[in-house]
Amino acid sequence: MFFKSFLALSSVTALTAAQGGLFIVHCKPLTVQRTDPIISPGQLSSHVHAIVGGTDYHMSMSNEDARRAQKTTCDKALDKSNYWQPQLYHQHHDGSFELIKLLGIAAYYIDRTCDYRPGRRNCDGTHGAIAPPKGLRMISGDTTRRTFNSSDKTNRAINHLCTDPGQDYDELPQKLCNEMRAQVFFPSCWDGKNLDSPDHKSHMSFPGEFGDYNSGVCPESHPVAIVSVFNEFFYNTRQVQGKAFRRWVYANGDTTGFGLHGDFVQGWEDQDRLENAMRTCTGPKGTDNPSCSLYVGRDGAGKTSVQKPQRAPPTEDVGLTSRLKKLPGNNPVYEGH
């Protein structure tokens with residue numbers, strides 16, 4: 001089950017405990033639509049995405065729009081950010097495509113990276129990373145990638161997990177799975193100047209020589225460490241059972257899983273409270289502690305809820321009620337060669 005899966009993440013918690021704090025944002029789905037305000041602002045995008053978070057998501061959304069959202073599907077009331085990934089489908093033996101329901105996500109905010117300093121080789125004894133800056137937007141992964149290079153940090157930052165019993169895969173496992181977790185780690189080193197860049201990647205970097213995709217010392221080119229954002233999208237792959245299974249395919253036509261990617265628009269309503277969260281919300285009680293800076297009222301830090309976007313999505317059938325004959329955007333399915 002989706003919420004049960006959160007309990008299986010003790011390895012992440014244990015790994016960060018000695019290096020810095022961690023808190024988790026849980027979100028319910030918001031919308032499924034063929035838009036991407038980072039890559040394709042103001043127009044239909046090349047493929048469908050599953051989106052969670054603030055309710056003012058739309059194809060031309062700015063970070064300011066996100067912060068002004070009336071509500072959020074996430075359990076941190078101040079988090080009006082939006083997180084999205086390509087929608088997962090199942091292609092049946094007759095060639096039709098069934099949308100696999102997104103159950104929800106977990107977004108981990110992890111303090112595991114440190115600023116560049118000449119001669120620094122590890123993060124021992126360093127001060128904490130800053131929060132993702134106000135106005136930041138970024139992507140991780142490459143929708144066109146269909147191969148895996150184990151020496152490339154950008155490749156290792158993308159993977160999958162098939163639950164029950166739970167096994168990690170670099171690729172999209174083409175097998176029956178009770179629940180699929182699509183996992184994207186965002187880069188956590190910032191150039192300190194730009195909140196976006198033409199390719200939506202160059203202003204950010206993964207840690208350099210003394211680090212990996214998920215921890216370590218930032219490179220000189222991107223010297224400012226920010227709190228890492230790591231997303232897990234939980235898909236209800238138990239929709240497909242037995243001999244009905246043929247293959248999973250992402251909305252971009254990718255059957256390898258290497259083209260999985262994630263987008264993030266920072267829409268936290270109160271930057272100061274977010275900045276203080278690593279110091280006040282990462283103890284034994286986490287965000288349930290009344291002294292946590294994200295604790296805002298009767299519901300503590302907040303609670304997940306089902307919401308509708310404030311603005312209507314494009315009028316396009318993306319498979320929410322029935323199977324599709326082709327992927328929206330007419331994306332060809334990658335057969336693998």
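Atoms considered below: every heavy atom in the structure, side chains included; atoms not considered: hydrogens, waters and symmetry mates.
When the salt bridge (Lys or Arg N to Asp or Glu O under 4.0 Å) test is applied to Asp65, the partners found at least two apart in sequence or on another chain are Arg68. Residues passing the salt bridge (Lys or Arg N to Asp or Glu O under 4.0 Å) test with Arg273 are Asp270, sequence neighbours excluded. Remark: Arg323 engages Asp94 in a salt bridge (Lys or Arg N to Asp or Glu O under 4.0 Å) (not counting sequence neighbours). Under the side-chain contact (heavy atoms from CB on, under 4.5 Å) criterion, Asp152 pairs with Asn149, Thr154, Asn155, sequence neighbours left out. By the side-chain contact (heavy atoms from CB on, under 4.5 Å) test, Thr256 pairs with Arg146, Asp254, Phe258, Tyr334, sequence neighbours left out.
Minimum interatomic distance between Tyr213 and Lys153 (heavy atoms only, all atoms of both residues): CB-O, 3.6 Å. Annotation for Leu22 and Met278: closest pair N-SD, 4.1 Å, computed over non-hydrogen atoms.
Proximity of Met204 to Leu136: side-chain heavy atoms (C-beta onward) are separated by under 4.5 Å at one or more points. In this structure, the side chains of Glu179 and Phe234 come closer than 4.5 Å at one or more pairs of heavy atoms. Using a 4.5 Å cut-off on side-chain heavy atoms (C-beta onward), Tyr89 and Pro328 make contact. Looking only at side-chain heavy atoms (C-beta outward), Leu260 and Leu172 stay at 4.5 Å or farther from each other. Between Ile130 and Val224, the closest side-chain pair of non-hydrogen atoms falls below 4.5 Å.
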Quiz item: Does the pair Cys189 and Cys218 meet the rule for a disulfide (SG to SG under 2.5 Å), with working shown?
Solution: CA-CA 6 Å; Cys189 296; Cys218 287; 2.1 Å; yes
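Between Trp84 and Tyr57, the ring-plane angle classifies as perpendicular under the 30° and 60° cut-offs. Between His47 and His49, the angle of the ring planes lies from 30° to 60°, which puts this pair in the tilted group.
Within a 6.0 Å sphere centred on NZ of Lys101, heavy atoms belonging to other residues, nucleotides or ligands number 12 at most. Within 6.0 Å of atom NZ in Lys71, 12 or fewer heavy atoms from other residues, nucleotides or ligands are found, so the atom counts as exposed in its surroundings.
When only modelled atom types and interatomic distance are considered, Gln70 and Gln307 share no side-chain donor-acceptor pair under 3.5 Å. Looking at Arg247 and Gln91, their side chains do bring a donor and an acceptor atom within 3.5 Å of each other. The closest side-chain donor-acceptor pair between Ser202 and Asp199 falls under 3.5 angstrom. Side-chain contact check for Tyr169 and Lys175: at least one donor-acceptor pair (N or O, by modelled atom type) lies under 3.5 Å. Checking Tyr250 against Thr143 by side-chain atom types alone, no donor-acceptor pair falls below 3.5 Å.
For His222 and Trp190, the ring centers sit 6.0 Å or farther from each other.
Asn194 places no side-chain N or O within 3.5 Å of a backbone atom of Ser197 that could act as its donor or acceptor partner.
The disulfide bond (SG atoms under 2.5 Å apart) analysis of residues 267-320, with sequence neighbours excluded, yields the pairs Cys281-Cys292.
Less than 2.5 Å separates the SG atom of Cys162 from that of Cys177.
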